[in-house]
Amino acid sequence: MPELPDVEGFRQVLMACGRRCVTDIEVRDAGVLQGVTEKRLRKEGEGRRLGRAWRHGKWLFAPTDGGPTFVFHFGMTGSLWCCSPDEPFAAHDRLVLTLDDVCSLRFRDQRKLQGVQLADDAAVDRILERLGPDALAVDRAELKELLSGRRGAVKSALMDQSVIAGLGNLLCDEILWRARVAPRTPARDLSGAAYRRLHVAMGRVLRTSVSAGCVPPRRSWLTGRRDDSEPLCPRCGRPLCSGRIAGRRTVWCPHCQP
DNA sequence: AGCGCAACCTGGTCGC
DNA sequence: TGCGACCAGGTTGCGC
């Protein structure tokens, strides 16, 4: 589920907590800890004051003053919540940071496909060096530069976090549909006009989705139709196609995306 | 270089 | 009601 817009929403959750101190860490399921034990997480994390949270692609970083950074990745089912410490736990609340004894920051995740790390600066750098530029920061020339050397399907390239960070399956389908680009087109075969449309679509889809906190399932968007039993294109009304590209379910309109 | 696939996990749905 | 098969918006690592 969580793509760039969702993770940006989780960053806002963190920002709303402010620069509070981590007074307690409760590991309710150690299965979400990555590369850190509960013992070390508590030893190095408790007592730290949170700094300004930042995001790159689908990764969320919560640095602490003079200490390590809490690093969150939400996989397909993760989310971040802030509530009163009195609030009953949800079934999949895996990690709880209590902030100044007044906020309860909860990492919730059904499937535990990714999780939480505690990283020093070098470890943060190692994460970043595997990632391409954040999708929100890519301009038109850079988009073309990143993709145009690729022989593979444009959707595969857009999905590849080491090329551009932040786009997931829904966003890619939505952007390609808006730009009228067929998902299997080899990236290097795209025209300059197609790259222009792709960049415009990426910007618009991202900005709207960030405002909504997710890729909105509007009926006027592809995303709002893809789970229909017999989905129709919101633009031309013809049936949508569904198939597998890069191992992921892909929905497109064969008429609008020739 | 880039694709397909399995693996990591859990839970919902569908057909029998 | 139960059970297996299959599916789901993510990432990694492997083989080809």
Side-chain angles (χ1 to χ4, degrees), chain A residues 1-10 27-35 55-60 71-80 89-95 107-117 119 123 126-132 134-135 145-177 183-190 202 205-206 208-210 212-218 221-229 231 240 242-252:
Chain A
M1 174 198 292
E3 307 179 66
L4 186 156
D6 310 81
V7 179
E8 182 58 26
F10 303 146
V27 178
R28 308 188 79 243
D29 184 336
V32 297
L33 301 185
Q34 305 212 309
R55 180 194 58 71
H56 190 100
K58 303 174 192 173
W59 294 80
L60 181 60
V71 180
F72 300 90
H73 194 292
F74 299 90
M76 285 170 72
T77 52
S79 58
L80 197 63
F89 290 118
H92 306 297
D93 284 338
R94 312 290 191 187
L95 180 70
F107 179 78
R108 186 175 300 170
D109 190 6
Q110 179 200 115
R111 285 173 67 182
K112 300 185 281 186
L113 288 173
Q114 299 289 320
V116 182
Q117 307 180 28
R126 283 196 295 277
I127 293 169
L128 293 178
E129 69 193 18
R130 298 198 309 264
L131 300 173
D134 186 79
E145 194 180 304
L146 289 166
L147 300 183
S148 60
R150 305 206 137 227
R151 293 177 289 165
V154 60
K155 172 160 179 182
S156 303
L158 286 173
M159 292 275 292
D160 187 336
Q161 301 300 297
S162 69
V163 176
I164 299 174
L167 306 181
N169 199 35
L170 289 190
L171 278 171
C172 286
D173 283 2
E174 192 67 48
I175 291 165
L176 289 164
W177 174 76
R184 282 193 223 272
T185 314
R188 66 178 180 185
D189 292 350
L190 292 176
M202 185 171 80
V205 169
L206 277 177
T208 306
S209 301
V210 165
C214 63
V215 188
R218 299 179 183 172
W221 285 36
L222 188 71
T223 305
R225 305 291 185 108
R226 59 185 298 141
D227 293 329
D228 293 358
S229 55
L240 294 168
S242 179
R244 272 192 126 72
I245 297 176
R248 313 302 301 280
R249 184 165 79 103
T250 301
V251 177
W252 74 97

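What you see is a predicted model, and the numbers here were worked out from it, not measured in a lab. What's counted below: heavy atoms across the whole structure, side chains too, no hydrogens, waters or symmetry copies. Within every chain, numbering begins at 1; the chains are lettered A, B, ... in the order of the sequence lines, protein sequences first and strands thereafter.
Across the protein-nucleic acid pair, A:Phe107 atom CZ and B:dC9 atom C1' stand 13 Å apart, rounded to whole Å. Atom CG in A:Asp160 sits roughly 11 Å away from atom P in B:dA1 (whole-Å rounding). At whole-Å resolution of the value, CG in A:Leu113 and C1' in C:dT12 are 11 Å apart. A:Arg249 has its CZ atom 9 Å from the C1' atom of C:dC7, to the nearest Å. Note: CZ (A:Arg184) to P (B:dG2) measures 17 Å, nearest angstrom. If you measure from atom CZ of A:Phe72 to atom C1' of C:dG10, you get 17 Å, rounded to the nearest angstrom. Rounded to a whole Å, the CG atom of A:Asn169 is 14 Å from the P atom of C:dC7. Rounded to an integer number of Å, the gap from CH2 of A:Trp59 to P of C:dG10 is 14 Å.
Between A:Phe10 and A:Phe74, the angle of the ring planes lies from 30° to 60°, which puts this pair in the tilted group.
Across all strands, A:Thr223 comes closer than 4.0 Å to no nucleic acid atom at all (heavy-atom distances). Nucleic acid contact class of A:Ala157 (heavy atoms, under 4.0 Å, all strands): none.
B:dG4 and C:dC7: their P atoms are spaced 16 Å apart (whole Å). With P as the reference atom, B:dA7 and C:dA5 are 14 Å apart, rounded to whole Å. When the C1' atom is used for both C:dG10 and B:dA1, the distance is 22 Å, rounded to whole Å. Using C1' as the reference atom, B:dA6 and C:dC6 are 16 Å apart when rounded to the nearest Å. Remark: the separation of the P atoms in C:dT1 and B:dT10 is 26 Å, to the nearest Å.
Regarding contacts with the backbone of B:dC3, a side-chain N or O of A:Ser156 is found under 4.0 angstrom from either OP1 or OP2. Close to B:dG11, at under 4.0 Å from its OP1 or OP2, lies a side-chain N or O of A:His92. Contact check, A:Arg130 against C:dT12: a side-chain N or O comes under 4.0 Å of OP1 or OP2. In this structure, A:Arg111 does not reach the B:dC8 phosphate: none of its side-chain N or O atoms is under 4.0 Å from OP1 or OP2. A close approach under 4.0 Å does not occur between any side-chain nitrogen or oxygen of A:Lys112 and OP1 or OP2 of B:dC8. One finds a side-chain N or O of A:Gln161 lying less than 4.0 angstrom from the OP1 or OP2 phosphate oxygen of C:dT11.
Side-chain contact between A:Trp59 and A:Val71 is present, with at least one heavy-atom pair separated by less than 4.5 Å.
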Taking Watson-Crick (N1-N3 plus N6-O4 or O6-N4) and G-U wobble (N1-O2, O6-N3), each under 3.5 Å, can you produce the dot-bracket string of DNA chain B? Use [ ] for crossing pairs and | for inter-strand ones. .|||||||.|||||||
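Looking at A:Ser242, its side chain never comes within 3.5 Å of a backbone N or O of A:Leu240 through a donor-acceptor pair. A:Arg55 contributes a side-chain N or O that, together with a main-chain N or O of A:Gly57, makes up a donor-acceptor pair within less than 3.5 Å. Judged purely by atom type and a 3.5 angstrom limit, A:Gln161 uses its side chain to pair as donor or acceptor with the backbone of A:Leu167. Formation of a donor-acceptor pair under 3.5 Å by the A:Arg94 side chain with backbone atoms of A:Asp109 is found in this model.
Residue A:His73 places its side chain closer to C:dT11 than to any other of B:dG11, B:dG2, C:dT11.
In summary, A:Asp173 and A:Lys155 engage in a salt bridge, as defined by a charged side-chain N under 4.0 Å from a carboxylate O. With respect to the salt-bridge test (charged N to carboxylate O, under 4.0 angstrom), the residues A:Asp227 and A:Arg249 qualify.
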